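A short worksheet on the structure shown next.
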Amino acid sequence: MRRALAAVFVVVAVCALSACGGSKSSSSSSPPGTINVTEQEYSIKLSSTSLKAGPVHFSVKNQGGMVHEFMVFKTTLAPNALPQKNGVVDEQGAGVEKISPEVDNINAGQTKTLDVQLTPGSYVAICNIAGHYTLGMHTAFTVS
Ligand SMILES: [Cu+2]
């Protein structure tokens, strides 16, 4: 774990030196198109459920007392009807297209961000920690 953290710091440092990540405007702390996500036991809420296609910046706050995660699927299935396997949503299941990357290990009180490119369609965001999806950690949104 310590070695992994060190590797992350090296990557961040190299990025800072080489200014990777694009234009200065994209490094703003609250870029346009930020969607605020609130997670707790056991729900997910988005500040908007009608998003614009293109780059989307999710800011995911865990207001609960447990670790949660945040992932997005493009799907026309109902938010509570995604394919499941062994108590979690089957991320390779029929009818769902997982959007990468995802955000894992969001500790209680912590906020993590996720940047993805979304094309027009219907989506469902979930927490896929075992049991959390079926307990209600799912929400639908659309992109146009
Ligand atoms: Cu969860």
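Counting starts at 1 for both ligands and their atoms, following the listed order. Fair warning: this is a prediction, and the values are worked out from it, not measured in the lab.
Contacts of Glu102 classified as salt bridge (Lys or Arg N to Asp or Glu O under 4.0 Å), with partners at least two apart in sequence or in another chain: Lys98. His132 pairs by the ring pair (Phe, Tyr, Trp, His ring centres under 6.0 Å) definition with Tyr42, His68, not counting sequence neighbours.
Aromatic ring orientation, Phe141 versus Tyr123: parallel (interplanar angle below 30°, classes split at 30° and 60°).
Thr75 places a side-chain N or O within donor-acceptor distance of the main-chain N or O of Gly95, the cut-off being under 3.5 Å.
For a distance threshold of 2.8 Å, the protein N, O or S atoms nearer than that to the Cu ion (ligand 1), listed by chain and number, are His68 ND1, Cys127 SG, His132 ND1, Met137 SD.
Defined by atom type and a distance below 3.5 Å, a donor-acceptor pair is present between the side-chain atoms of Glu91 and Asn128.
The other residues sharing a hydrophobic cluster with Val96 are Met71, Phe73, Leu77, Leu82, Val89, Val124, Ile126, Tyr133, where clustering joins ILVMFWY side chains under 4.5 Å apart.
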